[in-house]
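Worksheet: one structure, shown below.
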There are 2 protein chains.
Amino acid sequence: MAATQTTKEKVKQTAQKLFRERGYAAVGMRELAKEVGIQAPSLYNHYKSKDDLLREICFDMAKQFFAAFDKAVTTEEKSQRKLKAVIKAHINVIATNLEASEVFFNEWMFLEQPHLGLFKKQRFEYEMKFREIIDKGIKKGDFKKMNSKLIAFAIFSALNATYELYRSNEKLSQEEIAEDISDLLLKGLKS
Amino acid sequence: MAATQTTKEKVKQTAQKLFRERGYAAVGMRELAKEVGIQAPSLYNHYKSKDDLLREICFDMAKQFFAAFDKAVTTEEKSQRKLKAVIKAHINVIATNLEASEVFFNEWMFLEQPHLGLFKKQRFEYEMKFREIIDKGIKKGDFKKMNSKLIAFAIFSALNATYELYRSNEKLSQEEIAEDISDLLLKGLKS
DNA sequence: TTCTTTTGCTAACAAACGTTAGTTTATGGC
DNA sequence: GCCATAAACTAACGTTTGTTAGCAAAAGAA
């Protein structure tokens, strides 16, 4: 185990770290290469371009979010429990991919077309999966009747910022964060 | 009224728009100048540097958040009403400065020292003012006993992302957004 | 061994970057 | 009308950008 990572893996990991710290546009290929321990042109043996790197980071994360959601959504039937399950799954993906998550949330806008368009589409689809659960919950009477778009948005905002929590406070466990956040939000939704 | 805006004002406004759309690092001075309708070096008649521009945008917003908070905090006594008042004030500042708010929230990291440090300090102070209200509310028994840091964070996340709501859905009024969001959060806090 | 693929290197390109210098034109006060 | 200041211009600076070309060393397969 703990197989020595390939250069390509090291490039990706270092890019995630630097993109997160200083922003995609502010990080140069020379700086990235230096951190990896090679020369800038050697990066192109592993990735076609700077954009190619960002693309892999962002779309790998997207894939993870979808997979975690789909796995979680099947385990529960009741609206509250179902919503709680996907909230926890979402937070779990963030927690286990801290750096990549931040790049995913904050740097996707630098993707070039046509990948930018595809990314936006996927993101929208994912958000709709969340909203469906809330809408159904409202319809079934499990949740209070309220503006679902607005509420779904508020929930999403809180979730998508949890990476800041992990970074700012090491004492909080993932369980604790997921539990408290979903409690707060679910209680607000109570009918 | 509607006084014709000075060139300096136009520069700032255009910078806000471009920085928001494409990110501070991705916007060049030539592009900014072109959008304003002047040549790049002419920008330096109004601002000392690119960083100077970002600084004015960010610190002007900071000033507005503080002023709105201080004005709102005096109007109410009860914890719930007080928290609701500052939430509304915060959302109101965002709503009336949509573009500058997004720059404030997403591009501050590109500030150079020493202003970056000052900015972080102010931001922390502002967040603490919010947390104080929550902590006092918990102590007085107005709010449920819970991890205040985590909860304060969740509230902040939802608030600070409201600009996305305004951008994505024009039908929602500012009143509606402020009312629904604070309702959701306050209900979750209920003891 | 020999051949092929991978992965690194140095040198260099064209373009874009923020900014400065020096000059001209427009504006407002006396 | 005269002078000072503000605000625009053109030209150019040195640096950094992402990337390509061409070549050398290492690794793996036959």
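Treat the numbers as computed from the prediction; the structure is a model and nothing was measured. Chain A is the first sequence line, chain B the second, and so forth, proteins listed ahead of strands; every chain is numbered from 1.
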Quick one: ring pair (Phe, Tyr, Trp, His ring centres under 6.0 Å) partners of A:Phe153, sequence neighbours excluded?
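In terms of ring pair (Phe, Tyr, Trp, His ring centres under 6.0 Å), with neighbours along the sequence ignored, A:Phe153 is linked to no residue.
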So how far is it from [X] [atom1] to [Y] [atom2], rounded to the nearest 0.5 Å?
X: A:Glu56; Y: A:Leu54; atom1: CD; atom2: CG; answer: 10.5 Å
X: B:Lys17; Y: B:Glu102; atom1: NZ; atom2: CD; answer: 13.5 Å
X: A:Gln113; Y: A:Asp51; atom1: CD; atom2: CG; answer: 10.0 Å

For this output row, return yes or no: ring centroids of A:Phe104 and A:Phe119 closer than 6.0 angstrom.
yes
If Ile, Leu, Val, Met, Phe, Trp and Tyr residues are connected whenever their side-chain heavy atoms lie under 4.5 Å apart, and connections chain through other members, are A:Met128 and A:Phe66 in the same group?
no
Could you list all N or O pairs between the protein and nucleotides 25-28 of chain D that sit under 3.5 Å apart?
none

Within residues 32-43 of chain A, those residues having any heavy atom closer than 4.0 Å to DNA chain C are A:Ile38, A:Gln39, A:Pro41, A:Ser42
Between the main-chain N or O of B:Leu165 and the side-chain N or O of B:Thr162, is there a donor-acceptor pair closer than 3.5 Å?
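The answer is no, because no donor-acceptor pair under 3.5 Å joins these two groups.
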Within 6.0 Å of [atom1] in [X], more than 12 heavy atoms from elsewhere:
X: A:Glu77; atom1: CD; value: no
X: A:Glu175; atom1: CD; value: no
X: B:Glu176; atom1: CD; value: yes

Counting only side-chain N and O atoms of B:His46, is one of them less than 4.0 Å from OP1 or OP2 of D:dA8?
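The answer is yes; a side-chain N or O of B:His46 sits under 4.0 Å from OP1 or OP2.
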Find the distance [X]:[atom1] to [N]:[atom2] and express it as a whole number of Å.
X: A:Asn45; N: C:dG8; atom1: CG; atom2: P; result: 6 Å
X: A:Phe110; N: D:dT17; atom1: CZ; atom2: P; result: 15 Å
X: A:Arg30; N: C:dT10; atom1: CZ; atom2: P; result: 13 Å
X: A:Gln5; N: C:dT7; atom1: CD; atom2: C1'; result: 16 Å

Do any of residues 18-29 of chain A sit with a heavy atom less than 4.0 Å from DNA chain D, and if so which?
A:Val27, A:Gly28, A:Met29
Taking DNA chain D as the partner, which of residues 47-56 of chain A come within under 4.0 angstrom of it by heavy atom?
A:Ser49, A:Lys50
Please list all pairs meeting ring-ring contact (aromatic ring centres under 6.0 Å, His included) that have one or both residues in residues 68-94 of chain B, counting only residues at least two apart or in different chains.
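Only B:Phe65-B:His90, B:Phe69-B:Tyr126, B:Phe69-B:Phe130, B:His90-B:Tyr126, B:His90-B:Phe130, B:His90-B:Phe156 qualify under ring-ring contact (aromatic ring centres under 6.0 Å, His included).
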B:Lys129 and B:Glu125 ion-paired at < 4.0 Å:
no
When you measure from the centre of the six-membered ring of A:Tyr24, is the NZ or CZ of A:Lys50 closer than 6.0 Å and no more than 45° off the axis?
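Ring-cation test returns yes.
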